[in-house]
Amino acid sequence: MAQKPSIPKGTRDFSPAEMVKRNYIFDTIKEVFRLYGFQPIETPAMENLSTLMGKYGEEGDKLLFKILNSGDFVAKVSADVYGEKDSVKLTSQISEKGLRYDLTVPFARFVVQYRNDITFPFKRYQIQPVWRADRPQKGRYREFYQCDVDVIGSNSLLNEMELVQIIDDVFGRLKINTVVKINNRKILAGIAEIIGETQRVVDITVAIDKLEKIGLEKVNLELSEKGVSDEAIEKLQPILALEGSSAEKIDQLEKILSASETGIKGVEEMKTLFAYIGNLDLQTEVELDLTLARGLNYYTGAIFEVKAKNAAIGSICGGGRYDDLTGIFGLPDVSGVGISFGAERIFDVLTQLDLFPQESLETTRVMFVNFGEKEEAYCLPVLAQLRKNNVNAEIFPENAKMKKQMNYANKKDIPFVVLAGESEINEGKFTLKNMESGEQKSVTAEELIKILS
RNA sequence: GUGGUUGUAGUUCAGUUGGUUAGAACGCUGGAUUGUGGUUCCAGAGGUCGCCGGUUCAAAUCCGGUCUACCACCCCA
């Protein structure tokens, strides 16, 4: 071995054992999505840079993986641009494609492109990898999967309610205890308006978002550093201090924001949504959290974030409503709302809490030991019968030593082994061994199929 | 992108002030056991000490660079 092969920074290989676990997550999520009438789509790994650039802010543009043009791309660069050594200008001349950064923007592009074929409201789900040229850390990768559900072309808050139900359903099935935090961008905008800093909504929300992490004092400090007036910060304090149930907070906000039209709109939306939610039978806790901001700046209404209760990990699911995502692609006034499940983080939570199921549909249930040609011929029809009955079964492909074959079954966690040699053939039977208990018994082909089915 | 920590058999880690042939455990392979794995016993294989360069008579050990994983910031799933 001269040089060990490797994979790019922040990417991962998945072993069979890991894939079984990952598929468990993806399968339960898909199952729930279908239950609510969502249908799958897929989009290409790469998009034109023109559809990607400028959608995630300046920071996002930097984190996009760009793909070099084919052919002799350098020859086509004009001499002055080449001489300038300006990365941004040069990039635009040597790269026109990039890897997708999330699933929402490609979805918006998809909706605009096929608007005449799509029946609205359009409910789709999409489970695919996305790429970000971020610096990796634990639980943060350069290639990771997102599981998105969105409904586009409907303003009804019933959609928001159903998303909450989906969250409850998914994490209920995965047996993760969660808290769903909900806020509304219109309320945040209203707050900015009331304290006289309408222009600084983004700075204010980004700062407020850190309240839980860095504390009130540092939040105030950051606000004044960003240029928010002392007076405005003063006015913000009682709002940050709001306490009580979600309904109580909403009542108080209604009074505080009475002078702001958008603020009141947001309060009304939250009233309706929480009224819906109040009538649901949920396991998950749901609360209004005014400090929830969420980074992506295309959200315009409700915003969601889900945290696992017993695991020290960031949010495992998040999303919100965006009123005009398709506008940038030339289709205005189409509102959508959606959420995204973070598969890698859910994986980490399930690992931490040891919640992966022991049994899996993806592993072998029974293995036939191979004793030679005559014995193979005796086993093969039964093997086929088992598979017809949907029993995952295999025969060891070689007449290897018993020890090697048993070891193979053991390493693969195969719960049953069938031994059929000369004596079994003479009796017309099979020896079925339970690998966990070590117990074995002599059975007919019919009994064998019955036991394992 | 900025700052920091890290790297030694497949894995987890020892390795003295720089000094001869770099160790252990687990795992792996073979045997004890020719129809019985997961337990036990015995034997064996496996390393350009992340990579490149420098200092030195001599480098796993000191210095620089680079890559990787990780940590904080930024941002985010």
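Excluded from the calculations below are hydrogen atoms, water molecules and symmetry mates; all remaining heavy atoms, backbone and side chain alike, are included. A note on names: the letters A, B, ... follow the listed sequences, proteins ahead of strands, and every chain is numbered from 1. What you see is a predicted model; the values in this text were computed from it and never measured.
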Engineer: What is the distance, rounded to the nearest whole Å, between atom CZ of A/Arg140 and atom C1' of B/rC73?
Structural biologist: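 Distance, rounded to whole Å: 10 Å.
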Engineer: Where along nucleotides 1-7 of chain B does protein come under 4.0 Å, by heavy atom, of base (B) or sugar-phosphate alone (S), with - for untouched nucleotides?
Structural biologist: BBB----
Engineer: Please state whether the phosphate of B/rU66, meaning OP1 or OP2, lies under 4.0 angstrom from any side-chain nitrogen or oxygen of A/Lys9.
Structural biologist: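 Negative; the distance criterion is not met.
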Engineer: When the distance from CD of A/Glu59 to C1' of B/rC73 is rounded to whole Å, what number comes out?
Structural biologist: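 That distance rounds to 11 Å.
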Engineer: For a stem of at least 3 consecutive Watson-Crick or G-U pairs with distances under 3.5 Å, i pairing with j, i+1 with j-1 and so on, which stems involve RNA chain B?
Structural biologist: B:1-5 with B:69-73, B:10-13 with B:23-26, B:28-32 with B:40-44, B:50-54 with B:62-66
Engineer: Judged by each residue's nearest nucleotide on RNA chain B, which is more toward the 5′ side, A/Phe371 or A/Gly318?
Structural biologist: A/Phe371
Engineer: Just checking, A/Arg132 and A/Tyr56: is the charged tip under 6.0 Å from the six-membered ring centre and within 45° of the axis?
Structural biologist: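 Cation-pi check for A/Arg132 and A/Tyr56: fails.
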Engineer: Rounded at 0.5 Å granularity, tell me how far CD1 in A/Ile25 sits from NZ in A/Lys21.
Structural biologist: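 Answer rounded to 0.5 Å: 9.5 Å.
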Engineer: Can you check the A/Lys403 NZ to B/rU29 P distance for me, whole Å?
Structural biologist: 9 Å
Engineer: Using whole Å, what does the distance between atom P of nucleotide B/rA77 and atom CG of A/Leu99 come to?
Structural biologist: 18 Å
Engineer: Using the P atom as the point on both nucleotides, what is the distance between B/rG46 and B/rA9, in whole Å?
Structural biologist: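 About 15 Å, rounded to a whole number of Å.
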Engineer: Taking only side-chain nitrogens and oxygens of A/Lys411, does any of them come within less than 4.0 Å of OP1 or OP2 of B/rC28?
Structural biologist: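 Affirmative; the distance criterion is met.
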Engineer: Can you tell me, in whole Å, how much space there is between the P of B/rG50 and that of B/rU6?
Structural biologist: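 It comes out at 13 Å once rounded to the nearest Å.
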Engineer: Let me know the distance between CZ of A/Arg12 and C1' of B/rA77, rounded to the nearest Å.
Structural biologist: 11 Å
Engineer: Quantified in whole Å, what is the C1' atom distance between nucleotide B/rU16 and nucleotide B/rU29?
Structural biologist: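 Per the computed distance, 35 Å lies between those C1' atoms.
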